[in-house]
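Structure first, then comments.
What you see below is based on every heavy atom in this structure, not just the backbone, and it leaves out hydrogens, waters and symmetry mates. Naming convention: chains lettered A, B, ... in sequence-line order (proteins, then strands); numbering from 1 in each chain.
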2 protein chains.
Amino acid sequence: MITTKERLVMRYSEQRDIIYNFVLSSYDHPSALDIYSSLKGDYPKLSLGTVYRNLNALVSKGLIKRIEVSDGYDRFDKTLMEHTHLLCVKCNKMSDVELSFKDIINKEYSFKVISYNSLFRGICNKCLKEEEK
Amino acid sequence: MITTKERLVMRYSEQRDIIYNFVLSSYDHPSALDIYSSLKGDYPKLSLGTVYRNLNALVSKGLIKRIEVSDGYDRFDKTLMEHTHLLCVKCNKMSDVELSFKDIINKEYSFKVISYNSLFRGICNKCLKEEEK
DNA sequence: TCTTTAGTAGTAATCATTACTACTTACAAA
DNA sequence: TTTGTAAGTAGTAATGATTACTACTAAAGA
């Protein structure tokens, strides 16, 4: 007999399913508000609090990753491997960097890394080219 | 004749002087509230808004650096060279890393880095040793 | 010494996020 | 299949770091 306490999986919820699938199918690191705005049309009863709560649940279950952006909305990522992000200050697009700084820190310093947030702000290649015109 | 518009230096203010010197003399990357709490004893009329305003002014003049900590208080740093930070989740101490990830990003990716924030959360050497006891 | 305007104290507002409350629903057991 | 219960939801209020506002103060050029 499985008691409630022992049940570790989450109960099914359509809202969480929708939110999770939205993150899985997006390539632009959406914020909670992005997700809410995009889904509100098809699911008018969806609440912003539900989006936040489920994103937190998905993060704590390790199904998605949170990207901390201190001066604005946090963003969410389907890529589970910890990695670094580039945020273009012109077009606001966020892209990925595959370099693992974590390994460098673990090796070079006596510091046991649990998680990290590396965000580089600058101008992406596309915006640089447009400036040259 | 120097008009107000042309005057680029800030007017002297005792509050800013005190706040700036506090950051210069600290090694633990204080937050605005840390600074306010530490100085309030000696300067009872000091306002938290003044601390925030002057920290922002000092950052925008390039005299100190802001370290963005998304889930809590931002912290401030006298070290002007951009660098990476380690934050111990046990003792909350913040320390510096001299590695320049900026150069790596600039070289390996077509991305013009303007600023960056790299924060590694984990357990510092001292806390690791205490866990072993 | 004036005059101007940057700076300050104290307080209200902002805004991303979380907490709360009454209602709804998944799902295990009867 | 029905029912009991606790997890999930919608809608709204609260939180908390930071910023804005307003009347007052003071640095410093004329």
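- Atom-to-atom, CZ of B/Arg16 to C1' of D/dA27 comes out at 11 Å; the value is rounded to the nearest Å.
- Proximity of B/Phe76 to B/Val59: side-chain heavy atoms (C-beta onward) are separated by under 4.5 Å at one or more points.
- Side-chain proximity of A/Leu48 to C/dT17, C/dA9, D/dT9: nearest is C/dT17.
- Across all non-hydrogen atoms, the minimal contact from A/Phe111 to B/Leu87 is CZ-O, 3.6 Å.
- Across all strands, B/Leu46 comes closer than 4.0 Å only to sugar-phosphate atoms, never to a base (heavy-atom distances).
- Distance CZ (A/Arg11) to C1' (D/dT5): 9 Å, rounded to an integer number of Å.
- B/Lys40 NZ: more than 12 foreign heavy atoms inside a 6.0 Å radius.
- Under the 6.0 Å distance and 45° angle rule, B/Lys78 does not count as a cation-pi partner of B/Phe22.
- In this structure, OH of A/Tyr20 is placed 19 Å from C1' of D/dG8, rounded to the nearest angstrom.
- Distance B/Ile35 CD1 to D/dA17 C1': 14 Å, rounded to the nearest Å.
- In this structure, A/Glu14 does not pair ionically with A/Lys45, as no charged nitrogen and carboxylate oxygen lie closer than 4.0 Å.
- At whole-Å resolution of the value, CD in B/Glu14 and C1' in D/dA27 are 12 Å apart.
- Counting to the nearest Å, the P atom of C/dC27 and the CE atom of A/Met10 are 12 Å from each other.
- Across the interface with DNA chain C, nearest-nucleotide mapping of A/Tyr52 and B/Gln15 shows B/Gln15 to be the residue nearer the 5′ end.
- Atom C1' of nucleotide D/dG16 and atom OH of B/Tyr36 are separated by 15 Å, given to the nearest angstrom.
- Dashed line: the shortest gap from a side-chain N or O of A/Asn56 to OP1 or OP2 of C/dT18 is under 4.0 Å.
- If you find the closest nucleotide of DNA chain C to B/Pro44 and to A/Arg66, the one lying nearer the 5' end belongs to B/Pro44.
- A donor N or O paired with an acceptor N or O is not found under 3.5 Å between the base of D/dT9 and the side-chain atoms of A/Arg53.
- The A/Ser47 side chain lies nearest to D/dA10 when the options are C/dG10, D/dT9, D/dA10.
- Remark: C1' of D/dA17 and CD of A/Glu68 are 15 Å apart, rounded to the nearest angstrom.
- The B/Lys40 side chain lies nearest to C/dG10 when the options are D/dA28, D/dG8, C/dG10.
- The phosphate of D/dA7 (OP1 or OP2) has no side-chain N or O of A/Ser13 nearer than 4.0 angstrom.
- Looking at which nucleotide of DNA chain D each of B/Lys45 and B/Tyr12 is closest to, the 5′-most match is held by B/Lys45.
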